[in-house]
Structures are given as C-alpha cells and as structure tokens.
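Remarks on the structure that follows.
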Amino acid sequence: ETKLYPRKVYCYNSVISNLRHFLQRPGFAQKCELSRGRDIPDGFLVDIFDGRIWKEWQYVDGEPYLALPRNYAFMLNVDWFQPFKHSLYSVGALYMVLMNLPRSERFKPENVFLVGVIPGPHEPKHNINSYLQPLVAELNSLWKDGISVKKHGSTENEKFHAALLCVGCDIPAARKVCGFTGHGSNKGCSKCKKFFPGSVGTKIDFSGFEPCPSRSNNEHRQEAQEILNQTSAGDCSRLEQQYGTRYTELMLLPYFDCVRFHIIDPMHNLFTGTAKHVMKNVWLDSDKPLLEKKDLEKIQEKMDKLKVPASVGRMPKKIENSYGGFTADQWKSFTILFSIYALWNLLPSADLELWRDFVLACSCLCSPVITETKVLLAHSYLLKFCQSFEQLYGKHRVTPNMHLHSHLADCVLDFGPVYSFWLFSFERYNGILGEYGTNQRAVEIQLMCKFTSSQFVNDLPLPVAFQSVFKPLLNKLNSKQSGSLHEQSLAEQDHVSRDIIQCSLLSTGPVQTSGEFAKTFHLYTCCGPS
C-alpha cells in the first residue's frame, strides 16, 4: 500500500478563533473602541486613526464601517528569520495586529496574532500564495459575514467584522505578499510606474528622482488577471517582466488595495538601508575612502565620552570595526542623535551638509507626533539628499531604497506617524521566536506551540487571594514613580504579579496557598492552549 506524507507542514493558527478568544477577555473590546473619544487638532498625526486610510474607511460605498463599533482593521506582517545560530535554515512568520487598539497596546505579546509559521529551509522565491489561502478565506468570512461573540460580562452575542487594511513588510516580503516583482527581475517600483534600466547581469541604474505616475489598484488587478489568463509559463513570465506585477491571493479580498495598503518600512528604508549604505559602502570605500581607521577610532572616543539617559537605548559600539554588529535601533539612534556631532571635523563639508539633510528628514519623520507640514518638510529634505547624493557620489551608488524615500511621505499621511506601522515590534517577535529552544525537529510546530502556550498563560486571571496580597505592594511601588515609568509599571502590573508568584513558588521557604491558587497554578504548569 502506498501512503502519501506531506513534504512540509504549514502551521496555521485560525484568525477567527483567536479573535473570538481575544474578545472574550475582560476589557479587550472596550480598548478597541478608545479611539472614538480622541480630540486631535486638524493637521496633526498622533496615531493610525489620524491617517487618510482610517478616515476614508469610516464609510465604505456609502455604508458606515469604521464609524460603527465592533468593526476592526488588521495589519499583516510577513518576515523570515533563522531559528538556529550558524545555520542557513530559515522559516517565515505571519503576524497580525488589530489597528483599533491604542498604540500602547497594539504590539503587546498578548495582543499579537501569530497566524502561521512558513516551513523552511529556504524562503519561497516569487510568492507565498499557498500560505495566504487559509488566511484570505477567513478574512473574506470576517468581511462578509462577521462572527458572533459573547463578550466578557455580556449576556448576548454581538456581531464583529474585520478587514485587512495594511501590510507592513520589508521590500522582498512586500513584493511576495502584494503581488509585485523584485528589483532584480524587472527593476520596477511597487508604488509608481518607474522602471530602472539594466539587467540582472549588469549594474542596474536606480538614479533619477523625478516624479512618476502612481500605480493604481484597478490597473494592478487587470494586469494580474491578464497574466493568469496566459496558457504558458513563458507568456506569464514575459508579462510579469513587462508589468512588474504578479498575482497574489490578497486580490481575492474585494476591498484590498495592493498598491496603497502596503507600506515602505522606515526602519529598513532609512536606517538599515540608506544610513548603513552611506556609512559602510560609500564613506569607507576601499578605493577613495572618506573615513579611515583612525577617524573611526576618533568617532568611538567621542561616543564613549557621552553620558545619555537610559531611554536612548544601547549606545553604539564597535564603530572602529566599521560599525560592526549595529542593530536597527542603534543605527536609528546614531543617525538621529549622534552622527552630526561624531562626524564633525572628520568629513568634508560638502559630505557633511549632504548628511545633514538626511538626518533632518529622519528627525522629522521619527517624531511620535507629527504634523502634515512636517511630513512635507521631511519629504523635501529626502529629495534634496537623494539628488545631492547622485551628483556627489555618482549614479552607480544610488540604491532602490533611495527611490523609495520619495514614497515615505505618502505612507505617513496614509497611516499616521512611523510609530504606528514601522517594523521594530515585529522584528522583536522574530527574536522571541528565534530564542525558543527546540529539538531541531519539526521546528515550525514547536515555535507555534510555544508562542500560543505563552499567550494562554498570560490570559489566565490572577487568583483573588494573591491579588489581595500583592496589589498593595505594587501600588506602593508605583506611587514612587512618575511619568513614563509610572505608565509602564501600570501597564505591566499583571506581568510583575505573575513574576512575584512564580518567585514565591520557587523559594525555599513555605508558601501559604489557598485551594483556588493551587488549582490555578496547576493550570499554569500543566495545561496548554487547548
């Protein structure tokens, strides 16, 4: 008898069941409605609710959508990471968050949907349509029919609907998810109709920052349908090269705009993209270096003398080793806060003035609260930087990230400040999944189980007996703090309580526990997310 076994296992975690579970938490649905009481002056962007997309989706085809309660919007992220050190094995993760939640709650571990874990060992080349199929089916169900949920403390079922309004990924993943070809195949932009001359075997010319016509959703869908109608793989490939378009399962969502709903991530675009390229590939060029080893040592000496508050994060180190081991956050802090001071009297004046335009643009864009005027000012700084870069260093130094700078302003105007949609939070979850211990067999299943188990534990309510003991202690500690530390303490109060309980149980002395707490702790240690 012949038995068929799957070559790979795709772990998929139902969005509908997760959303139903989240809505049954105490106070979760109320947090999703907090945005309705906001009073923000015109022209200010404080969160995603102030962007053009959110405002336009208050009414869809004349019918209220986000203007009504219990109608939600999702943000999707797809990324790949290596779960093993010193290994080329790579797995993908699909995350989703509810954009209705306040920014302080949106990316917390208990509120993140780990939708799926894409099996390795390598990243898919052109698209991930087979992995998007179950997600699209559930999103269509949430859009058309919705789900009935009995909220915590309610006696009647209520109807909830949801739609996918944002895809936040790095450039390669965004092309796979939203149906665009990459720079290496047909050299086109996913936001406009600019195509870059060159071929795979020769140097591609990404220069030129003149305005280009924008892509449209209807045209993008028509091109994808024309490609699907072809009867041979050669014709499909030819049209993909011509249009810069591929079919994606997200086109089955009738409302989804593949062009407008995917963002240019500022973290990859500005800091690990252009900032890293300029400092490592241009200024440290082996042929005509602007900075030498002794200059990097002087920069490190300047940085070591600085005393900065802890809120800045980890100070950049190993600058003398060509900025070795910089994280994205260190690139951000070094670029915005320290680079002009560190490079003073080391770079030629023309190069420093060029870099100053880039720093000013980053400083404007990375404000937690930004005005529409400031967005346009940052856009002008970026265009000036890109044009000066092309003149000073040559066309061959221009990268595709620099062309995408011209689309950052539209992303901010559509989705609010960069804090609302950039990928620092999702990258953190890649690190969390990568740190989970596995037996290196069926890694994807273990990562999904460990993440959902952790969410299950965090959802368990604290026992009443221990709340009465530890709440006064926590309140006393919080009363001595103020400002952001006080807010952070209140937000993490339940997590601290659980840590105290676990430490008490692991202590050598006797622990007085009630029957209720003993039962709850048994659930903590023995049960999974079933």
Side-chain angles (χ1 to χ4, degrees), residues 265-368 370 374 377-378 380-382 384-394 397-399 401-402 405 408 418-419 422-424 427-428 431 483-485:
D265 173 45
M267 184 191 78
H268 290 93
N269 182 248
L270 294 174
F271 304 117
T272 61
T274 297
K276 185 176 181 179
H277 170 67
V278 172
M279 292 188 186
K280 297 193 70 170
N281 302 332
V282 179
W283 292 344
L284 298 180
D285 183 18
S286 58
D287 296 332
K288 296 180 180 180
L290 296 177
L291 296 176
E292 298 180 353
K293 180 72 173 179
K294 60 180 181 180
D295 297 321
L296 296 180
E297 292 175 353
K298 291 180 181 178
I299 294 175
Q300 187 66 66
E301 291 177 2
K302 287 185 177 182
M303 296 297 298
D304 292 339
K305 294 178 181 178
L306 294 177
K307 294 183 179 181
V308 299
S311 58
V312 172
R314 285 190 296 171
M315 289 291 289
K317 300 292 183 182
K318 300 182 180 179
I319 295 176
E320 67 271 18
N321 295 331
S322 303
Y323 310 96
F326 265 34
T327 64
D329 186 61
Q330 286 176 317
W331 279 114
K332 177 176 73 71
S333 59
F334 181 73
T335 299
I336 297 177
L337 301 177
F338 309 118
S339 61
I340 296 296
Y341 159 74
L343 296 169
W344 186 263
N345 290 333
L346 295 177
L347 272 182
S349 58
D351 301 84
L352 188 61
E353 287 301 317
L354 174 142
W355 182 248
R356 191 191 303 275
D357 290 331
F358 181 76
V359 172
L360 287 172
C362 293
S363 179
C364 292
L365 288 174
C366 295
S367 302
I370 190 171
K374 209 170 182 180
L377 179 63
S380 65
Y381 279 131
L382 280 177
K384 182 181 177 183
F385 162 77
C386 293
Q387 293 166 355
S388 301
F389 183 93
E390 181 181 341
Q391 295 174 1
L392 191 60
Y393 301 120
R397 296 284 194 183
V398 179
T399 63
N401 266 315
M402 294 182 181
H405 290 341
L408 267 178
V418 295
Y419 283 81
W422 64 7
L423 302 186
F424 277 103
E427 292 289 339
R428 178 166 61 98
S484 59
L485 285 178

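Bear in mind the structure is a predicted one, so any value in this text is a computation, not a measurement.
Surrounding NZ of Lys318 are at most 12 heavy atoms belonging to other residues, nucleotides or ligands under 6.0 Å away. The number of heavy atoms from other shown groups lying within 6.0 Å of OH (Tyr381) does not exceed 12. Within a 6.0 Å sphere centred on CZ of Arg428, heavy atoms belonging to other residues, nucleotides or ligands number more than 12.
Across Leu354 and Ser388, no two heavy atoms sit closer than the pair CD1-C, 3.5 Å. Here the closest non-hydrogen pair linking Ala378 and Cys364 is CB-CB, 3.8 Å. Minimum interatomic distance between Lys280 and Leu284 (heavy atoms only, all atoms of both residues): O-CB, 3.4 Å. For the pair Phe271 and Ala328, the tightest heavy-atom approach, listed with the atom from each and the gap, is CB-O, 4.4 Å. Nearest heavy-atom pair, Leu290 versus Pro348, reported as atom, atom and distance to 0.1 Å: CD2-CG, 4.4 Å. Closest of all the heavy-atom pairs between Ala275 and Thr335 is CB-OG1, 3.6 Å.
Atom-to-atom distance recorded for Asn321:CG and Glu297:CD is 9.5 Å, nearest 0.5 angstrom. Note: Arg356 CZ to Leu352 CG = 5.5 Å, rounded to the nearest 0.5 Å. Atoms NZ and SG, from Lys332 and Cys362 in turn, are 10.5 Å apart once rounded to the nearest 0.5 Å. Of the inter-residue distances, the one linking Lys294 atom NZ with Leu296 atom CG reads 11.5 Å to the nearest 0.5 angstrom. Atom CD1 in Ile319 sits 8.5 Å away from atom CE in Met279 (nearest 0.5 Å). Atom CZ of Arg314 is separated from atom CD of Gln330 by 5.0 Å, given to the nearest 0.5 angstrom.
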* To do: Test ring-ring contact (aromatic ring centres under 6.0 Å, His included) on Phe334 and Trp331 and set out the steps.
  => CA-CA 5 Å; Phe334 181 73; Trp331 279 114; 7.1 Å; no
* Taking it one step at a time, do Thr327 and Glu427 satisfy side chain to side chain contact (heavy atoms under 4.5 Å, CB included)? -> CA-CA 11 Å; Thr327 64; Glu427 292 289 339; over 6 Å; no
* Determine, step by step, whether Ser380 and Leu377 satisfy the side chain to side chain contact (heavy atoms under 4.5 Å, CB included) criterion, reporting the C-alpha distance in whole Å, the side-chain angles of both residues, the deciding distance to 0.1 Å, and the verdict. => CA-CA 5 Å; Ser380 65; Leu377 179 63; 4.0 Å; yes
* To do: May I have the step-by-step check of side chain to side chain contact (heavy atoms under 4.5 Å, CB included) for Lys317 and Asp304, ending in yes or no?
  => CA-CA 9 Å; Lys317 300 292 183 182; Asp304 292 339; 3.6 Å; yes
* Run the numbers on Met402 and Leu382 for side chain to side chain contact (heavy atoms under 4.5 Å, CB included), then give the verdict. => CA-CA 9 Å; Met402 294 182 181; Leu382 280 177; over 6 Å; no
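Judged by distance alone, with hydrogens and angles left aside, the side-chain atoms of Asp285 form no donor-acceptor pair with the main-chain N or O of Val282 at under 3.5 Å. Judged by distance alone, with hydrogens and angles left aside, the side-chain atoms of Ser333 form a donor-acceptor pair with the main-chain N or O of Asp329 at under 3.5 Å. In this structure a side-chain-to-backbone donor-acceptor pair under 3.5 Å is present from Asp265 to Leu423.
Cation-pi geometry between Lys302 and Tyr341 is met: the NZ or CZ atom falls under 6.0 Å from the ring centre, inside 45° of the normal.
Contact check for Leu408 versus Val418: no side-chain heavy atoms found under the 4.5 Å cut-off. Residues Leu365 and Pro266 are not in side-chain contact: their nearest non-hydrogen atoms beyond the backbone lie 4.5 Å or more apart.
A perpendicular orientation is assigned to the rings of Phe385 and Trp355, their planes being inclined by more than 60° (bins at 30° and 60°). Under the 30°/60° scheme for interplanar angles, the aromatic rings of His277 and Phe389 are found to be tilted. The aromatic rings of Trp422 and Tyr419 sit tilted, their planes meeting at an angle between 30° and 60°.
In this structure, Glu301 does not pair ionically with Lys298, as no charged nitrogen and carboxylate oxygen lie closer than 4.0 Å.
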